[in-house]
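One structure is given here, and the rest of the page talks about it.
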Amino acid sequence: MADIIIKNGHILTMEAGKEHEFKNGVVVIDNGIITEVGEKTQEVADITVDAHGGIVMPGLVNTHTHAAMTLFRGYADDLPLSQWLQNHIWPAEAKLTKRDVYNGALLACLEMIKSGTTCFNDMYFHMDETAKVVKETGIRAALSYGMIELGNKDKAIAELKEGSRFVREWHGKADGRITAMYGPHAPNTCSKEFLLRVKDKAKEDGVKLHIHVLETEAELKEMKEKYGMCSIHMLDNIDFFDSNVVAAHCVWLSDGDIQILAERGVNISHNPVSNMKLASGIAPVTKLLQNGANVCLGTDGCASNNNLDMFEEMKVAALLQKVSTMDPTALPAKEVIKMATVNGARALGINAGMIRTGALADIIIVDKNKAHMRPFYDAASHLVYSAKGHDVMTSIVNGKLLMENYEVLCMDEVKVIEEASVAAEDLMTRVSE
């Protein structure tokens with residue numbers, strides 16, 4: 001007997017080279033794994049989930065977040081980047097406590113579960129608190145302690161020690177749902193020597209790396225002044241790049257940079273909404289994909305987005321490439337869904353992103369029985385251009401129901417929202433003191 005059978009669903013498998021859709025199919029789940037996908041099954045299960053004709057698809061993978069920054073949602077908006085960071089975000093972050101990070105991360109996980117994200121890639125501090133939230137809620141995550149050493153030798157020792165401790169304590173925990181990574185913040189906040197040490201430590205521990213790269217033109221100019229080359233070339237010169245690297249943003253790329261990233265197998269996390277809001281620029285996603293790079297999708301933190309809705313991110317990503325290239329065929333719907341599922345899972349090294357036999361049972365059901373989802377012609381088109389995060393009715397991670405028919409099962413939704421609101425109010429009081 002299986003654990004769960006999903007029936008009456010329009011299944012979008014995202015499996016390459018095979019039938020992508022079953023208009024009325026079933027998915028069988030046992031012991032956290034998808035064991036059967038098709039039009040019908042002879043299997044029986046402890047739990048039967050009726051999709052009510054909704055779209056059954058792989059859970060979305062958010063490849064760049066700062067989860068606890070939900071507490072900064074709507075704080076200090078519409079400001080120049082330097083003013084926003086130096087006068088508002090950094091001073092507020094200096095006041096964050098472990099409990100704040102816990103409450104902020106819990107609110108983030110609630111939002112992601114309700115909007116279809118089943119796995120996220122997070123970099124921040126007090127990361128034990130975020131790891132506890134992941135363990136408690138049942139979501140999947142890749143987590144890294146964000147290291148900034150600014151060329152300071154003592155800080156370098158302390159930062160690498162903390163990053164290493166976090167990897168040792170959390171990698172593979174929570175029934176394998178937590179993957180720990182090393183998180184050197186960026187090439188302009190970490191010295192070349194430090195980046196070399198972090199790269200070697202990640203290789204020694206057999207884990208991946210998560211780093212911001214060329215998010216802004218200011219970083220590009222700073223790196224050229226300091227090293228006589230951009231971030232991409234500097235990192236390539238120290239052999240930092242390979243398929244174990246997730247590079248967030250990658251906005252200010254030359255054609256030569258694009259070729260390097262593609263040839264080294266670097267995973268690029270595109271964050272269109274955050275890049276637009278902070279006026280950082282438009283990443284050359286179309287060129288990256290044409291060169292064979294693995295481009296995935298992320299939201300960034302709520303301070304610069306202001307939500308974690310990957311459906312919104314998919315729509316904006318598609319539209320931004322069309323208008324920036326003046327080509328309406330650029331980044332079609334199926335390709336952007338692939339970025340949010342298949343490519344994201346590949347970037348994080350998890351056996352998910354597709355509904356196929358043997359894959360992890362990270363699955364969502366999107367309600368299409370709504371006015372803005374009718375008439376229904378094409379599943380991919382509707383998911384990218386019509387659907388919203390609040391259309392997700394059911395979320396399953398590792399074969400466990402975290403939300404069913406819009407009811408969150410893994411946490412007390414009202415309590416999470418209330419406690420996060422209180423934490424944010426208390427934080428702002430401390431900031432203003």
Side-chain angles (χ1 to χ4, degrees), residues 63-64 66 81-82 85-86 90 121-125 127 142-168 180-269 271 280-281 283 288 293-294 300 347:
T63 53
H64 183 62
H66 309 291
L81 179 60
S82 59
L85 280 172
Q86 295 172 18
W90 288 343
N121 182 27
D122 201 67
M123 177 199 293
Y124 211 49
F125 47 91
M127 286 302 291
L143 307 175
S144 54
Y145 168 70
M147 299 179 286
I148 299 175
E149 51 86 52
L150 299 170
N152 183 300
K153 292 184 179 180
D154 291 336
K155 192 166 179 58
I157 294 170
E159 291 289 85
L160 191 55
K161 181 179 179 181
E162 175 60 14
S164 179
R165 180 201 65 80
F166 181 79
V167 168
R168 289 196 311 272
M181 301 169 71
Y182 279 95
H185 178 262
N188 62 325
T189 57
C190 296
S191 68
K192 184 188 296 187
E193 293 74 23
F194 184 70
L195 290 167
L196 279 165
R197 291 174 63 188
V198 173
K199 179 199 73 170
D200 290 342
K201 198 72 177 71
K203 185 176 181 180
E204 177 186 326
D205 292 345
V207 299
K208 294 178 179 291
L209 293 148
H210 183 191
I211 185 171
H212 300 79
V213 179
L214 284 180
E215 179 177 2
T216 64
E217 187 178 20
E219 179 191 332
L220 176 64
K221 292 178 178 178
E222 181 183 344
M223 294 299 286
K224 284 188 174 182
E225 289 174 4
K226 186 174 183 179
Y227 295 109
M229 63 185 75
C230 72
S231 301
I232 300 297
H233 282 75
M234 187 277 281
L235 291 169
D236 193 47
N237 280 355
I238 62 172
D239 294 324
F240 188 86
F241 285 141
D242 60 25
S243 60
N244 284 319
V245 174
V246 178
H249 301 294
C250 295
V251 174
W252 290 86
L253 302 178
S254 67
D255 288 347
D257 296 335
I258 291 170
Q259 187 174 356
I260 288 171
L261 291 171
E263 289 178 354
R264 304 294 182 267
V266 177
N267 306 284
I268 297 100
S269 178
N271 296 241
S280 298
L288 283 161
N294 186 50
D300 211 349

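Values in this document were obtained by computation on a predicted structure and should not be read as measured data.
Looking at Val198 and Leu209, their side chains come closer than 4.5 Å, going by heavy atoms from C-beta outward. Counting only heavy atoms from C-beta outward, the side chains of Leu214 and Cys250 never approach each other to under 4.5 Å. Contact check for Glu215 versus Asp300: side-chain heavy atoms found under the 4.5 Å cut-off. Side chains of Met147 and Phe194 form a contact here, defined as non-hydrogen atoms less than 4.5 Å apart. Side-chain atoms of Val245 and Ile211, non-hydrogen and from C-beta on, do get closer than 4.5 Å to each other. Counting heavy atoms from C-beta on, the side chains of Val213 and Val266 never come closer than 4.5 Å.
A distance of 7.5 Å separates SG in Cys190 from CG in Leu150, rounded to the nearest 0.5 Å. Atom CG of Leu220 sits about 12.5 Å away from atom CE of Met229, to the nearest 0.5 Å. Atom CE of Met234 is separated from atom CD1 of Ile232 by 10.0 Å, given to the nearest 0.5 angstrom. Here the straight-line distance linking atom CG of Leu235 with atom CD1 of Ile238 works out to 5.5 Å at 0.5 Å rounding. With values rounded to the nearest 0.5 angstrom, Glu222 atom CD is found 9.0 Å from Tyr227 atom OH.
Sorted by first then second residue, the salt bridge (Lys or Arg N to Asp or Glu O under 4.0 Å) pairs that include residues 146-162, not counting sequence neighbours, are Glu162-Arg165. Listed by first and then second residue, the salt bridge (Lys or Arg N to Asp or Glu O under 4.0 Å) pairs that reach into residues 225-249 are Asp236-Arg264, sequence neighbours excluded.
Between the side chain of Trp252 and the main chain of Ala283, no donor-acceptor pair closer than 3.5 Å is present. Looking at Asp122, its side chain never comes within 3.5 Å of a backbone N or O of Leu143 through a donor-acceptor pair.
Evaluation of the side chain to side chain donor-acceptor pair (under 3.5 Å) rule for Asp205 yields Tyr182, Lys201 as partners, not counting sequence neighbours. Taking the side chain to side chain donor-acceptor pair (under 3.5 Å) definition, one finds that Ser231 meets it with Glu219, sequence neighbours left out. Take Leu81 and apply the side chain to side chain contact (heavy atoms under 4.5 Å, CB included) test, not counting sequence neighbours, and it matches Trp84, Leu85, Thr216, Leu278. With sequence neighbours excluded, the residues that form a side chain to side chain donor-acceptor pair (under 3.5 Å) with Asp257 are His233, Ser254.
No hydrogens or angles considered: a donor-acceptor pair under 3.5 Å links the side chains of Asn294 and Asn267.
Between Met123 and His210 the shortest heavy-atom distance is CE-O, 3.0 Å. Scanning all heavy atoms of the two residues, the minimum distance from Met127 to Ser144 falls at CG-O, 3.5 Å. Phe166 approaches Tyr145 most closely through the heavy-atom pair CD2-N, 4.4 Å. Nearest approach of Met181 to Asn121, heavy atoms of both residues: SD-OD1, 3.4 Å.
The aromatic ring centroids of His66 and His185 lie 6.0 Å or more from each other.
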